[in-house]
Participant: 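So that we are looking at the same thing, I have put the structure below in structure tokens.
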Amino acid sequence: MKFFYLSMFALLLVGCSSGPRFDDSYTAIGQNSRVQYIVLHYTSTDLARSLHLLTEEEVSSHYLIGETPATIYRLVDENRRAWHAGDSQWQGRTWLNGTTIGIELVNQGFSDTPTGRQWQPFAPAQIDALIVLLKDIMQRHQLAPGSILAHSDIAPQRKVDPGPLFPWQRLADAGLVPWPDPTEVARQQALFSASLPTVHWFQEQLLRHGYAVPVHGELDLATRNVIAALQMKYRPARYDGEPDAETAALLMVLNR
């Protein structure tokens, strides 16, 4: 009898340690992915240092893409939160680590020289690998074009990556990013050249597009930083933060 009770006790312990049992024969249709956006970064350093920073320090990302060869490293499971976005905001949503997938690209970023700021271009094979990865992520999480963001989009007051040499046009050509029609932009630019909108108009349009921006009608540093983030993405030849006619045209076409 003593042996019987000991055996039953052991079975109970095994049952408790294995956790609850679930019946998975029903699945709710009212659900979707927790992932809302994909955020692109550059690492500002080489591969070895990037791997160290993203695996042995507090900062992390779901993926890291090397340069040569363009290896895709999976560092954090997509079902878990990576610490890549920091203090961030887009379309009214804040602290985006919990709802984004972070992708870091090995790239030195920029260096300031006596002749001006010099940016490192991205390796074509690296962008090829990124496009394959993005298509896979977007298909699995059912993300619409426009879900891919720059770090500078979600944190324009403190971040500039992936910078003006990142080839957003290639992502647009692959159907991953909506792109403003150049003919329509030119038409709108001609109209705005005759009468430039107010700073308040620019702020409202930037807010509508998704940026966190003050809406007080003053061309302060915060507003310039947001304008520069938009320009860096859609007009990288000049990203001076000036609210000019071409930037107004880009906003008008993007927000339609």
Side-chain angles (χ1 to χ4, degrees), residues 37-42 90-91 103 105 107 109-110 116-135 137-139 143-156 159-213 219 223-256:
Y37 309 109
I38 303 168
V39 180
L40 304 183
H41 312 253
Y42 60 52
W90 187 257
Q91 293 178 336
I103 302 176
L105 295 105
N107 182 282
F110 66 85
R117 179 163 288 184
Q118 302 295 318
W119 298 82
Q120 179 187 344
F122 291 84
Q126 192 178 34
I127 302 304
D128 291 339
L130 173 65
I131 288 173
V132 172
L133 177 59
L134 288 172
K135 286 183 176 181
I137 293 172
M138 293 181 75
Q139 189 275 327
L143 298 176
S147 303
I148 304 169
L149 304 172
H151 200 186
S152 54
D153 288 330
I154 65 172
K159 295 295 181 179
V160 294
D161 56 315
L165 294 189
F166 181 81
W168 289 101
Q169 182 85 56
R170 281 201 58 193
L171 270 59
D173 293 342
L176 297 169
V177 176
W179 202 255
D181 178 74
T183 302
E184 186 59 22
V185 170
R187 190 181 76 83
Q188 292 293 335
Q189 183 177 350
L191 296 174
F192 285 126
S193 294
S195 179
L196 190 67
T198 65
V199 172
H200 191 271
W201 181 92
F202 276 93
Q203 291 171 334
E204 286 186 327
Q205 293 298 314
L206 289 163
L207 183 67
R208 180 182 171 191
H209 188 61
Y211 289 99
V213 61
L219 187 58
T223 302
R224 286 182 179 275
N225 287 341
V226 176
I227 292 174
L230 177 91
Q231 294 169 336
M232 197 177 297
K233 191 171 186 178
Y234 296 104
R235 191 194 68 185
R238 192 171 85 251
Y239 50 95
D240 53 9
E242 284 294 320
D244 55 31
E246 186 178 9
T247 304
L250 286 167
L251 278 167
M252 178 66 76
V253 176
L254 285 167
N255 284 345
R256 282 183 174 171

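Predicted model, so just to flag it, every value in this text is computed and none were measured.
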Participant: Can you confirm whether Leu165 sits close enough to Gln120 that some side-chain heavy atom of one is under 4.5 Å from a side-chain heavy atom of the other?
Facilitator: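 Side chain of Leu165 against side chain of Gln120, heavy atoms only: no contact under 4.5 Å found.
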Participant: Would you say the side chain of Asp161 lies within less than 4.5 Å of the side chain of Asn107, judging by non-hydrogen atoms?
Facilitator: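 A side-chain contact is absent here, since even the closest heavy-atom pair is not under 4.5 Å.
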Participant: When you check the gap from the basic side-chain N to the acidic O, do Arg256 and Asp181 get nearer than 4.0 Å?
Facilitator: no
Participant: Does Ile227 form a side-chain contact (heavy atoms from CB on, under 4.5 Å) with Leu206? I'd like the steps, not just the answer.
Facilitator: CA-CA 8 Å; Ile227 292 174; Leu206 289 163; 3.7 Å; yes
Participant: Rounded to the nearest 0.5 Å, how far apart are NZ of Lys233 and OG of Ser152?
Facilitator: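 Between Lys233 NZ and Ser152 OG, I get 7.5 Å after rounding to 0.5 Å.
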Participant: Drop me the distance from Leu230's CG to Asn225's CG, to the nearest 0.5 angstrom.
Facilitator: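 Going from CG on Leu230 over to CG on Asn225, the span is 13.0 Å.
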Participant: Rounded to the nearest 0.5 Å, what separation is found between the CG atom of Leu251 and the NE2 atom of His209?
Facilitator: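 One finds 7.5 Å between CG of Leu251 and NE2 of His209.
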Participant: Do the non-hydrogen side-chain atoms of Lys135 and Leu176 ever get within less than 4.5 Å of each other?
Facilitator: yes
Participant: In sequence, state the C-alpha distance, the side-chain angles, and the governing distance for Tyr42 and His151, and then conclude on side-chain contact (heavy atoms from CB on, under 4.5 Å).
Facilitator: CA-CA 9 Å; Tyr42 60 52; His151 200 186; over 6 Å; no
Participant: Taking NZ, NE, NH1 and NH2 as the nitrogens, is one of them in Asp153 or Lys159 under 4.0 Å from a carboxylate oxygen of the other?
Facilitator: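 Salt bridge between Asp153 and Lys159, a charged N being under 4.0 Å from a carboxylate O: no.
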Participant: Please name the pair of heavy atoms, one in Leu219 and one in Pro243, separated by the smallest distance, quoted to 0.1 Å.
Facilitator: CD2-CD, 3.9 Å
Participant: Where is the tightest heavy-atom contact between Gly175 and Pro145, given as atom of each residue plus distance?
Facilitator: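 Where Gly175 meets Pro145 most closely, the heavy atoms are O-CG, 3.8 Å.
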Participant: What are the two closest non-hydrogen atoms of Ile148 and Leu171, and how far apart are they?
Facilitator: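 Heavy-atom minimum between the residues: CG2-CD2, 4.3 Å.
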Participant: With a 4.5 Å heavy-atom cut-off, do Thr223 and Phe202 have their side chains touching?
Facilitator: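 Contact flag for Thr223/Phe202 side chains = no.
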Participant: Could you tell me which non-hydrogen atom of Ala245 sits nearest to which non-hydrogen atom of Gln189, and how far apart they are?
Facilitator: CB-O, 3.8 Å
Participant: Between Leu130 and Gln126, is there a side-chain heavy-atom distance shorter than 4.5 Å?
Facilitator: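 The answer is no, as the side chains (C-beta and beyond) never meet within the 4.5 Å cut-off.
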Participant: At what distance, to the nearest 0.5 angstrom, does OG of Ser147 lie from CH2 of Trp90?
Facilitator: 11.0 Å
Participant: Is it true that a side-chain atom of Asp240 and a backbone atom of Glu242 form a donor plus acceptor pair closer than 3.5 Å?
Facilitator: yes
Participant: Measuring from atom CE of Met252 to atom OG1 of Thr247, what distance do you get when rounded to the nearest 0.5 angstrom?
Facilitator: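 Those atoms lie 13.0 Å apart.
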Participant: Does any part of the side chain of Arg187, heavy atoms only, come nearer than 4.5 Å to the side chain of Thr183, both counted from C-beta?
Facilitator: no
Participant: Any side-chain heavy atom of Tyr211 sitting closer than 4.5 Å to one from Ile154?
Facilitator: no
Participant: If the plane angle is over 60° it's perpendicular, under 30° parallel, otherwise tilted; pick one for Phe192 and Trp201.
Facilitator: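 Taking Trp201 first and then Phe192, their aromatic rings sit tilted (interplane angle of 30° to 60°).
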Participant: Looking only at heavy atoms, which two atoms of Pro156 and Val226 are closest? And how far apart?
Facilitator: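 That would be CG-CG2, 3.8 Å.
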Participant: Could you give the distance from CD (Gln231) to CZ (Arg238), rounded to the nearest 0.5 Å?
Facilitator: 7.0 Å
Participant: If you look at every heavy atom in Leu250 and Pro180, which pair is closest and at what distance?
Facilitator: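 Scanning both residues, the minimum pair turns out to be CD2-CG, 3.7 Å.
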Participant: Given side chains that start at C-beta, do those of Ile103 and Ile38 come closer than 4.5 Å, heavy atoms only?
Facilitator: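 Result yes, sub-4.5 Å side-chain heavy-atom pair found.
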Participant: Any pair with a residue in residues 167-191 that passes ring pair (Phe, Tyr, Trp, His ring centres under 6.0 Å), sequence neighbours left out, goes on the list, sorted by first then second residue, please.
Facilitator: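 Qualifying pairs, neighbours excluded: Phe166-Trp168, Trp179-Tyr234.
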Participant: Using the rule side chain to side chain donor-acceptor pair (under 3.5 Å), only one of Gln205, Glu204, Arg208 pairs with Asn255; which is it?
Facilitator: Gln205
